[in-house]
Amino acid sequence: MAAHDSVEQKYVYDFAEGNKDLKDLLGGKGANLAEMTNLGLPVPPGFTITTEACKAYLTTGREPDGLAAQIEAHLESLEREMGRRLGDPDDPLLVSVRSGAKFSMPGMMETVLNVGLNDRSVIGLSNQAGGNDRFAWDSYRRLIQMFGKTVCEVPGEEFEHALDEIKSAKGTHNDLDLDADDLRGLVDAYKKIFAKHTGREFPQEPREQLDLAIRAVFDSWNAERAILYRRQERIPADLGTAVNVVTMVFGNLGPDSGTGVAFTRDPGSGAQGIYGDYLANAQGEDVVAGIRNTVPLQELEQLDKTSYDELLGIMARLEEHYKDLCDIEFTIERGKLWMLQTRVGKRTAAAAFVIAGQLVDEGLIDLDEALHRVNGAQLAQLMFPRFQLDHEFEAVAKGIGASPGAASGKVVFTSARAVELAAEGESVILVRRETNPDDLNGMIAAKGILTSRGGKTSHAAVVARGMGKTCVSGADELDVNVPAKKFTVGGHVVNEGDIVSIDGTTGKVYLGEVPVMPSEVVQYFEGELDPETTDDALVRSVHRIMTHADAARRLRVRTNADTGTDAARARRFGAEGIGLCRTEHMFLGDRRELVERLILASGEREREDALAALLPLQRADFVEIFREMDGLPVTVRLIDPPLHEFLPPLEQLAVNVAVAQERGEDVAKEEALLAAVRRMHEENPMLGLRGVRLGLVIPGLFAMQVRAIAEAAVAVVRDGGTACPEIMVPLVGAVQELETVRAEAERIIAEVVGDSGVEVLIGTMIEVPRAALTAGQIAEAAEFFSFGTNDLTQMGWGFSRDDVEGAFFWRYLELGIFGISPFESIDTDGVGRLIRIAAEEGRAARPGLKLGVCGEHGGDPDSVHFFHEVGLDYVSCSPFRVPVARLEAGRAAITTTGSDSR
Ligand code: ADP
Ligand code: MG
Ligand code: MG
């Protein structure tokens, strides 16, 4: 704000002054309390101190000018409205002080209830409540406990111990059995604990209590746990938190009072109905703390029908207003209902789809909005097989769902043992306190990874996600003892070889083997479940939203598939062609021998013979794929990896030669191979003789592949099919490379195709940074570009994926150098800029140039939005990712503003 600006900044808003769209300023809790107030719902009066005030405090280290006076003014008007003064000895007003940032954040200061109580006003409170001493002293002890713990960092256990002691002295487990005298005694004990840890008496001055609590909320923004959480969840560090000061209402006034939480629908399944818990004669924090057992909300109907009916009416009203599932907190004070919080509720992936569908049916939202409310990550989650959980299985621990999936297997504690058992065909779960780069082989061998330490960005989590392997990290209830080859959890001892099951979506850990069931969503995509007739609400909703996404999207979605089987499955999943058909596998298996002949060929004749033998095999592969993709484009990439990758490893050859010599056998061929491997060795194979370079160095190799493609297409067309081949040249960095390959290819194609009507496009991958930067030239020789984002990322950053993911990515993520691995989600600033440049300059040189992307980024939700925005024509991804890409392409097309649902 400009210095000459004479209008003082407004730091405090009465609930009546705010609304739900002011989350940035008032935080989520404050904005929604204001919204409910303005809807005329029964919200205890109060006010919100803005995030601006918090930010000013955090930058300067003191409350900004004017804040104290504004708080004073709002407090006075609150006191007038309530007819009571804060902490008045005879008739006290009490308030709660509640933190509330834009996004709800564990790790920040919780709530302090009953602010305003002291040695004198506790008597006044009792009188207010008709001489209810027990209630007054219970409220006071709660204040000292919460204030001590959250404002003054007194260890919470000390208060809990003191409470337990009094209870056991009374011979009870139930805090309701404590009477006024017990609680008065507890207050004394609490005060002593407070004084011992803070070096001062518990503050008796109500306004000082309030100010200290407000300040503690501000400070808690920078608590270590809060910082860590923000970093992991990509929440900006400079948002600050608001503070809500709310008139206390009391759920602990007796059996006609109580407190509860509820959802307007089931956040687990999405089913309609009332889901909630209620606790009579208690204050809000008791429900969460699980001090006593709650009852299902439905039972409130018997206890207090009037409040129950009113609550149901309010919940219906909130849903209609927010047009979404809401969760709420409420308190009943002597038969009077009060609303203390609402927000759009968190939900599982399945519930997200089901609820979006229901809300469309109910006329609350349209299909665009339904599509906006679900996402590809949720859909991907629903496509994993799940554990079939019945009553028999109860989780023994819960960690962080670090990499989704469901895995069961024998427990092992070392990488070496994992490799050993896996080699014997066993499924194993690698259990470690935390993993490090030495565990890589074990992680590869294991079905799943379970650690007792570390979050979503730990080594285990990052590497497992990169491998698509199930992982639960940070299950801190586990006590892992690697030398003793066992872990303990909740009284169970689990030894090496025992079976456990881990759920990488929920983070839950089970003992024994939990049966796995296939995803109904995959069954639907496979065509095994009819969305029109099934009674599965999830499948019906997924179908409906997918249909809408398909209609909305501009991006086409293709698949990466190298075989007819993959192609067929991807087509069922909605692929509109193949964006990347790798030809490497066509050189494997029993064809290796032909490749060896090709490499060892001593003259033109031998080489031509080897190629001629490969030709019909490749042609047959292409025929199968073109048939499966009848009528759809198929991009075939000419051979990309270095040829020596097809030869046996050096050590193995050396041993073979030695053994054969020992036996006096003929070793000529082995020796020749060994020599070839030595000759062809590369320091950096990734940057060596591969891709287009091979085609230019080894005569006839690309020509054979081009011929096989063209002949296959002609064969399919002759059979009445439609083949649309697109030949893709890998690793091009200069237009001259492409021109050379193109000249030869065109000649062959013209010769093969004749008048069959087959049309073959020739294009290139853009995966070398130089290609992106000279795209204008390259486009002269290319009918299409396909961005190979994996190599473009590797070469753009100058690191190889295989080497770095285990070595230092976890550290980079921890430090926030990466928000997410650039192999998972496209680095829009760097690699993305190369794509942008190539797309623009390519299209400028050749209008209508077809642009696509192949590589796993094509199935990553955030990347899909980027590719949409850059104007690509299609993305291509693995078959299982095709539905995710379709959904996100639809969302990209309808999303005009950013969503901040978290
Ligand atoms: P959280 O964000 O952790 O839920 P809240 O600020 O919502 O923290 O408060 C914790 C508990 O205290 C909740 O159950 C809430 O309903 C209750 N609570 C907060 N303010 C009041 C109040 N003014 N009167 C009665 N209960 C309250
Ligand atoms: Mg709450
Ligand atoms: Mg590549």
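Just so we're clear, the structure is a prediction, and the values are computed from it rather than from any experiment.
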Using the test ring pair (Phe, Tyr, Trp, His ring centres under 6.0 Å), find all partners of F784 that sit at least two apart in sequence or belong to another chain. none
Any carboxylate oxygen within less than 4.0 angstrom of a Lys/Arg side-chain nitrogen, looking at D873 and R556? no
Flag, side chain of R637 to backbone of P730, donor-acceptor distance under 3.5 Å: no
Would you mind checking if K447 and E426 are paired as a salt bridge, meaning a charged N to carboxylate O distance below 4.0 Å? no
E520/R386 ion pair, N-O < 4.0 Å: yes
T565: which residues meet the side-chain contact (heavy atoms from CB on, under 4.5 Å) condition with it, sequence neighbours left out? T563
Any chance you could lay out the salt bridge (charged side-chain N to carboxylate O under 4.0 Å, His left out) test for E711 and R718, step after step, and finish with the verdict? CA-CA 10 Å; E711 288 180 359; R718 246 193 248 114; over 6 Å; no
Going by distance alone, is a donor N or O of one side chain under 3.5 Å from an acceptor N or O of the other, for R558 and T635? yes
May I have the step-by-step check of side chain to side chain contact (heavy atoms under 4.5 Å, CB included) for M546 and H543, ending in yes or no? CA-CA 5 Å; M546 289 303 294; H543 171 66; 5.9 Å; no
Could you give the distance from CZ (F702) to CG (L611), rounded to the nearest 0.5 Å? 12.0 Å
Can you tell me how far the CG atom of L647 sits from the CD1 atom of I599, to the nearest 0.5 Å? 4.0 Å
Could you tell me whether the side chain of R554 and the main chain of L872 form a donor-acceptor pair under 3.5 Å? yes
State, yes or no, whether a side-chain contact exists between R607 and L598 at a heavy-atom distance under 4.5 Å. yes
Would you please name every residue forming a side chain to side chain donor-acceptor pair (under 3.5 Å) with T583, sequence neighbours left out? Q705
Do the side chain of R770 and the main chain of G733 share a donor and acceptor less than 3.5 angstrom apart? yes
Do V374 and L379 have side chains that get closer than 4.5 Å, going by heavy atoms? no
Look at the side chain of R843 and the backbone N and O of G871, then say whether any donor-acceptor pair between them is shorter than 3.5 Å. yes
Scanning both residues in full, the closest heavy-atom pair of S825 with D862 reads OG-CB, 3.5 Å
Walk me through it: do E606 and R597 pass the test side chain to side chain contact (heavy atoms under 4.5 Å, CB included)? CA-CA 8 Å; E606 279 182 39; R597 268 170 58 192; over 6 Å; no
Answer yes or no: is there a side-chain heavy-atom contact under 4.5 Å between K669 and E596? yes
Nearest heavy-atom contact between S756 and V717 is O-CG1, 3.7 Å
Before you tell me yes or no, could you show the steps for T789 and F867 under side chain to side chain contact (heavy atoms under 4.5 Å, CB included), namely the whole-Å CA-CA distance, both residues' side-chain angles and the distance that decides it to 0.1 Å? CA-CA 11 Å; T789 51; F867 299 138; 4.2 Å; yes
Within 6.0 Å of CD in E604, more than 12 heavy atoms from elsewhere: no
Rounded distance [0.5 Å steps], CG in D827 versus CD1 in I835: 9.0 Å
Do T505 and T470 have side chains that approach each other closer than 4.5 Å (heavy atoms only, starting at C-beta)? no
Could you tell me whether the side chain of N684 and the main chain of M686 form a donor-acceptor pair under 3.5 Å? no
Minimal heavy-atom distance between I709 and P725, with the atoms involved, is CG2-CB, 3.8 Å
According to side chain to side chain donor-acceptor pair (under 3.5 Å), who are the partners of E783, at least two apart in sequence or on a separate chain? R742
Does A406 offer a backbone N or O that forms a donor-acceptor pair with the side chain of D503 under 3.5 Å? no
Taking the basic N atoms (NZ, or NE/NH1/NH2) and the acidic carboxylate oxygens, is any pair closer than 4.0 Å for R553 and E576? yes
Check ion pair E888-R891 (N to O, under 4.0 angstrom): yes
For residues P633 and E726, report the shortest heavy-atom separation together with the two atoms involved. CB-OE2, 3.7 Å
Spacing of D621 atom CG and F626 atom CZ [to the nearest 0.5 Å]: 10.5 Å
Give a yes or no answer on whether the side chain of R619 reaches the backbone of A712 with a donor-acceptor pair at less than 3.5 Å. no
Rounded to the nearest 0.5 Å, the CD1 atom of I449 sits from the OG atom of S403 at a distance of 7.5 Å
Applying side-chain contact (heavy atoms from CB on, under 4.5 Å) to E651 and not counting sequence neighbours gives P649
Could you walk me through whether D630 and R571 pass side chain to side chain contact (heavy atoms under 4.5 Å, CB included), step by step? CA-CA 10 Å; D630 187 55; R571 199 165 183 172; 4.2 Å; yes
Could you name each residue pair satisfying ring pair (Phe, Tyr, Trp, His ring centres under 6.0 Å) that touches residues 599-622, not counting sequence neighbours? none
For A561, does its backbone N or O pair with a side-chain atom of T559 as donor and acceptor, under 3.5 Å? no
Among R690, R678, R679, E682, whose side-chain hydrogen bond (donor to acceptor under 3.5 Å, both in side chains) with H644 holds? E682
To the closest 0.5 Å, what do you measure between CD1 (I748) and CD1 (I727)? 8.5 Å
Within a strict 4.5 Å, meaning less than it, do heavy atoms of the L687 and M795 side chains meet? yes
Indicate yes or no: at least one non-hydrogen side-chain atom of M765 is less than 4.5 angstrom from one of F785. no
Contact summary for V677 and P648, nearest pair of heavy atoms: CG2-O, 3.9 Å
Is the backbone N or O of D860 less than 3.5 Å from a side-chain atom of R881, with the two atoms forming a donor-acceptor pair by type? no
Can a donor-acceptor pair be found, under 3.5 Å and without considering hydrogens, that links the side chain of R627 to the backbone of V716? no
Any heavy-atom pair between the side chains of L673 and L600 that's under 4.5 Å? yes
Is the shortest heavy-atom distance from the side chain of L594 to the side chain of F587 under 4.5 Å? no
If I compare all heavy atoms of R591 with all of M586, which pair ends up nearest, and what's the gap? CD-O, 2.9 Å
